[in-house]
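Quick notes on the structure that follows.
Chain A is the first sequence line, chain B the second, and so forth, proteins listed ahead of strands; every chain is numbered from 1. Basis for what follows: all heavy atoms, side chains included, without hydrogens, waters or symmetry-related copies. A quick note: this is a predicted structure, and the numbers were derived from the prediction, not measured.
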Amino acid sequence: MSEELFKAMAQSVIDGDPDLAAELAQKAIEQGIDPLDAINKGFVPGVDYVGEQYGKGEMFLPDLVLAGEAMKAAVAVLEPEIARRGGQRQTLGTVVIGTVEGDIHDIGKTLVATMLSVGGFKVHDLGVDVSVGKFVEVARAVNADIVAMSALLTTTMVRQQDVIEALEDAGLRSRLKVMVGGAPVTRSWAEEIGADGYSEDAIGAVAVAKQLLGVG
Amino acid sequence: MARPIKSISDPRLRLDILTPEDVRRIHEATLEVIETVGVRFPSPKALEVWEAHGAQVDRDRMVVRAPGHLIEDALKKAPPVYTLAARDPSQDLPLDGNHVYVGTDGCGVQVIDLYTGERRRSALKDVAEIVRVADYLEEVAFIWIPVSAQDCPPETRGLYELKAAWENTTKHIQTESIYSEREARASVEMAALIAGGREELRKRPVLSYALCTAPPLGQDPGTLEAALVAAEAGIPVGFMTMTSCGTTAPATLAGNLVVGNAEVISALAMIQLAYPGAPVFYAAAQTAMDLRTGGYTGGGPEDFLFGAASNILADFYNVPLSMGSFATGAKEPNWQAGIDNSFSTFMACVVMSDMLLGVGLLHGSRIWSYEQMLMDCEIYDIVYHMMKGIVVDDEHLALEAIRAVGPGGNFLTHKPTKRHMRELWVPKFMDRRPYEEWEAKRDGARDWARAMAQRILETHQPDPLDPKLSEELAKIIAKA
């Protein structure tokens, strides 16, 4: 019985159908299925399949993003049940992400956030035009493992450096890793400002995050 | 001496890419989006303009919903024809619908060094040197700030770039790297100094602004406020959408056009509401995301179609167009760069887009290459010749010559051949040598382009800017 449900869960992720995924998650709770099983035996195989197909060039970025949305919808339904049972979902680490102050470019940053979340990280997305202070404050509050910053303008890129300096001043720098990205950002810029990781795109960002934390 | 400018005019080719019915449907869909979904204008000043004219303004979300007639009436106030002035009036560029002009691309962040071949971060010196080479090239009619002067402070970087550009060219400058009201005010002062006063600047705008929208359906706050400052001073202002199928726009091409069109015409309408009759232009570089990475592609059939479709829309609104062509996604000057830049430039030219952006950048407008710059000029030169079409008249039917030579002769020794031979195209960088000569040397387009760029940089002296003016420009920057 649950085997069939697990299969349907995987398929809802493969089809990128968040509504159906949430519905199936609810069904699992009603049937008394362990919510961690629902995630790991139901939805995760769907994410894995999409990832594999993507790797082969058979599926594309929208497939990945929609699979991520379906996964998120399911987890949102299941998490309260996990907590009620006194369990906890393992994540690979906590990421605080945002676009730096003075910059309102959203899409690339959001894509990275989604991919990290699908990849198994807990992600706090602070949005765009995020002040230096806000990055530091949230990084401290959630005990972040990674602070990730995006910038699309050459004039706002310099804020990435300000955040790194502020993390130093706050005594947080040695406890976490910093990742930077955005169209004008290059590896040499990342190195110059003392960031730990850099990626040119969202898929690469997940690999970098895993590598920085030595996980996955 | 100011160099001549090679612009396309009196075209003999044409392309029907959108029917009048297509354009009407895109326009109506656009108005519906602006009226019911709205466009984000995150600037109190811009929102005030909209409110004063009766648009529905959601102050919390900074979203404007404007009725179609408000947009249409505002756009009617935009001048259909005006001139981009140059420091040297012989290089003025009338935007009259019968000219295509090419600019340098912008705004890159790295430069492939002309001598060492090393890729490095761009600096102010690069702006000056690239502009000096552009000043020489006939194919380049105007300057976009080619790379970012990253060794200058971010708050006034756009001003340093302008100064470097004016010191190295007499051609028109269109900046795409002014992002704040404060910088805009200083840039107006600088332009007025070059033009000889505020009133002269209004008559002869030696500077224009290309500003980016923030898709989907949004504008950038600093950009809006900079645009209002420029428009008040009579500096032509354009808004460029870079909507991308699948990320910042629907996956469909028509849907992409609607979203980008809504961004551009709502911004142009806002300028007209604030300063009726201010010169404005449509600007676009729509694309499709890369399906694998979501990244910017800088080429592909979608881009080429957009390149031709945008001018049909700009014509419908009766304003000039600045169109993103060239700007290949290729990492180096290669097969991909040749394809991207040839198709995109042809498609934008065949519909007579007024301004093309632009020559010289690789990797989706991020890395400057002098080699690519010169090869892009050659691509444009090919299109320039194609746009002349085939002239069919008595002289060109050449019956006299055919009779004189007859069967089995040749036309080499015939006088009209010499008369018309210069109508035939001569390449600078195409390899048409005997095979053995190539085999012995193994050089080619990139080597020749690099050598030519080096020669220009080492020998070309643009008409200098009066050192006193340079000093004054520096003072304005220092105060900004």
Could you state the interatomic distance from [atom1] ([X]) to [atom2] ([Y]), rounded to the nearest 0.5 Å?
X	Y	atom1	atom2	value
A/Asp103	B/Tyr179	CG	OH	10.0 Å
B/Gln110	A/Ser188	CD	OG	6.0 Å
A/His105	B/Asp220	NE2	CG	6.0 Å

Counting only heavy atoms not in [X], do more than 12 sit closer than 6.0 Å to its [atom1] atom?
X	atom1	value
A/Lys122	NZ	no
A/Gln26	CD	yes
A/Phe60	CZ	yes

Checklist entry - Does the side chain of A/Thr155 come within less than 4.5 Å of B/Arg157's, by heavy atoms? => result yes

Next on the checklist: A side-chain contact here means heavy atoms from C-beta on lying under 4.5 Å apart; do B/Arg366 and A/Pro184 qualify?
Outcome noted: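 Contact flag for B/Arg366/A/Pro184 side chains = no.
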
Checklist outcome for this item: Cut-off 4.5 Å, heavy atoms of chain B, and the answer for A/Thr110 is neither

Item to check | chain B contact via A/Met115 - side chain, backbone, both or neither, heavy atoms under 4.5 Å | outcome: neither

Next on the checklist: Under a 3.5 Å distance rule, please check whether A/Tyr54 uses its side chain to pair with a backbone N or O of B/Arg292 as donor and acceptor.
Outcome noted: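 Yes: the side chain of A/Tyr54 pairs with the backbone of B/Arg292.
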
Checklist entry - Which pair of non-hydrogen atoms, one from A/Ile104 and one from B/Pro221, has the smallest distance, and what is that distance? => result CD1-CD, 3.9 Å

Using heavy-atom distances under 4.5 Å, tell me whether [X] contacts chain A through its side chain, its backbone, both, or neither.
X	answer
B/Arg121	side chain
B/Thr247	both
B/Pro153	neither
B/Gln219	backbone

Next on the checklist: I'd like to verify something: which residue of A/Asp63, A/Ile107, A/Leu64, A/Leu111 has the highest number of heavy-atom pairs under 4.5 Å with chain B?
Outcome noted: A/Ile107

